[in-house]
Amino acid sequence: MFIFLIVIIVIFSLCGLLLLFYHPLSLLWEKITFKKKVYKILYKIAKNYDLYLLNKVAIKVGNKIIHFDHLLFGDKYIYCVGRNYYSYGIDGKMSDPSWFSYNHRGKNKIINNPMKLHRERVNYFASLITSSKELFVACVIVNNSCLLRNVIDGEDKYSKVINLKNFEKLVKNYERDNSVAEIDPQLLSRLVLDIYKKGVVH
């Protein structure tokens, strides 16, 4: 009876510890695996929808080198993807130069608008291949646990800060846009090959 009581106490203690540390441990695991998860989701989208995907891209534009974590080439749009991990949440509008990053206690700190530099990179990239900027969607993917406050979804059609879990839906919605013509497949294929030869970091 005494041994049984000890076993019960140990089990309840372990359950209590698990409940106590589950959330911080899950956040830590998300942070460790975030980069890999983004790649897996993009690879899945590219495979399922027969799209081109390039990773770790560094392109020289004039005297600048612009970097993208991923380039996903859709039938109608090119998605220039960056990835940022935030511990709890971010707050700001696309037009604001600075945003807030806050924690679970509500305390916040000022950070640079994560879209500002990314959008500049996309604009340089567009100028390199002399295409309309409206062909490119600048996407900053953040972790699923990151809360997005006041990041207005419809503020800029071509600039999106989005949780990873919603990225596939975003691509599907953009590719369904009947008002946009498809990119010429041969031109797209040549563009992807050219960028791969010149800009993919091996």
Determine whether [X] and [Y] make a side-chain contact, defined as any pair of heavy atoms from C-beta on separated by less than 4.5 Å.
X    : Y    : result
Y79  : F136 : no
I41  : I141 : no
L164 : V142 : no

>> More than 12 heavy atoms of other residues, nucleotides or ligands under 6.0 Å from NZ of K116: yes or no?
In response: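 Count not over threshold, so no.
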>> Just checking Y124: does its OH atom have more than 12 heavy atoms from other residues, nucleotides or ligands closer to it than 6.0 angstrom?
In response: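 No.
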Say whether, by atom type as modelled, one donor and one acceptor occur between the side chain of [X] and the main chain of [Y] under 3.5 angstrom.
X    : Y    : answer
W99  : K93  : yes
N113 : M115 : yes
N144 : K165 : yes
D91  : S101 : no

Nearest-0.5 Å distance that lies between atom [atom1] in [X] and atom [atom2] in [Y]:
X    : Y    : atom1 : atom2 : answer
Y52  : S189 : OH    : OG    : 3.5 Å
Y43  : N48  : OH    : CG    : 10.0 Å
L71  : L54  : CG    : CG    : 6.0 Å
L42  : K47  : CG    : NZ    : 14.5 Å
C139 : Y174 : SG    : OH    : 7.0 Å
I65  : I59  : CD1   : CD1   : 10.5 Å

The criterion is ring-ring contact (aromatic ring centres under 6.0 Å, His included); which residues satisfy it with [X], sequence neighbours excluded?
X    : value
F68  : H118, F125
F73  : none
F167 : none

> Does any pair with a residue in residues 172-184 pass salt bridge (charged side-chain N to carboxylate O under 4.0 Å, His left out), and if so which ones, sequence neighbours excluded?
Replying inline: K157-D177
>> side-chain contact (heavy atoms from CB on, under 4.5 Å) for E168 and Y49? Distances and angles first, verdict last.
In response: CA-CA 10 Å; E168 182 173 359; Y49 299 98; 3.0 Å; yes
> Can you name the residues that form a side-chain contact (heavy atoms from CB on, under 4.5 Å) with D69, not counting sequence neighbours?
Replying inline: R83
> Which residues pass the side-chain hydrogen bond (donor to acceptor under 3.5 Å, both in side chains) test with N123, sequence neighbours left out?
Replying inline: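 Scan of N123 (side-chain hydrogen bond (donor to acceptor under 3.5 Å, both in side chains), adjacent residues dropped) gives R119.
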hydrophobic_cluster_shared for [Y] and [X], side chain cutoff 4.5 Å:
X    : Y    : value
Y86  : F100 : no
L191 : L193 : no
L187 : I78  : no
I66  : L117 : no

>> Can you tell me which residue among L147, N143, L148 is in a side chain to side chain contact (heavy atoms under 4.5 Å, CB included) with N163?
In response: L148
Heavy-atom closest contact ([X] atom, [Y] atom, distance):
X    : Y    : answer
C146 : G89  : SG-CA, 3.9 Å
S145 : S87  : OG-O, 4.4 Å
L128 : K60  : CD1-O, 4.3 Å
A46  : L53  : CB-CB, 3.9 Å
V122 : C80  : CG2-CB, 3.6 Å
G74  : I183 : O-CD1, 4.0 Å

>> Strictly below 4.0 Å, N to O, side chains only: are K198 and D194 in salt-bridge contact?
In response: yes
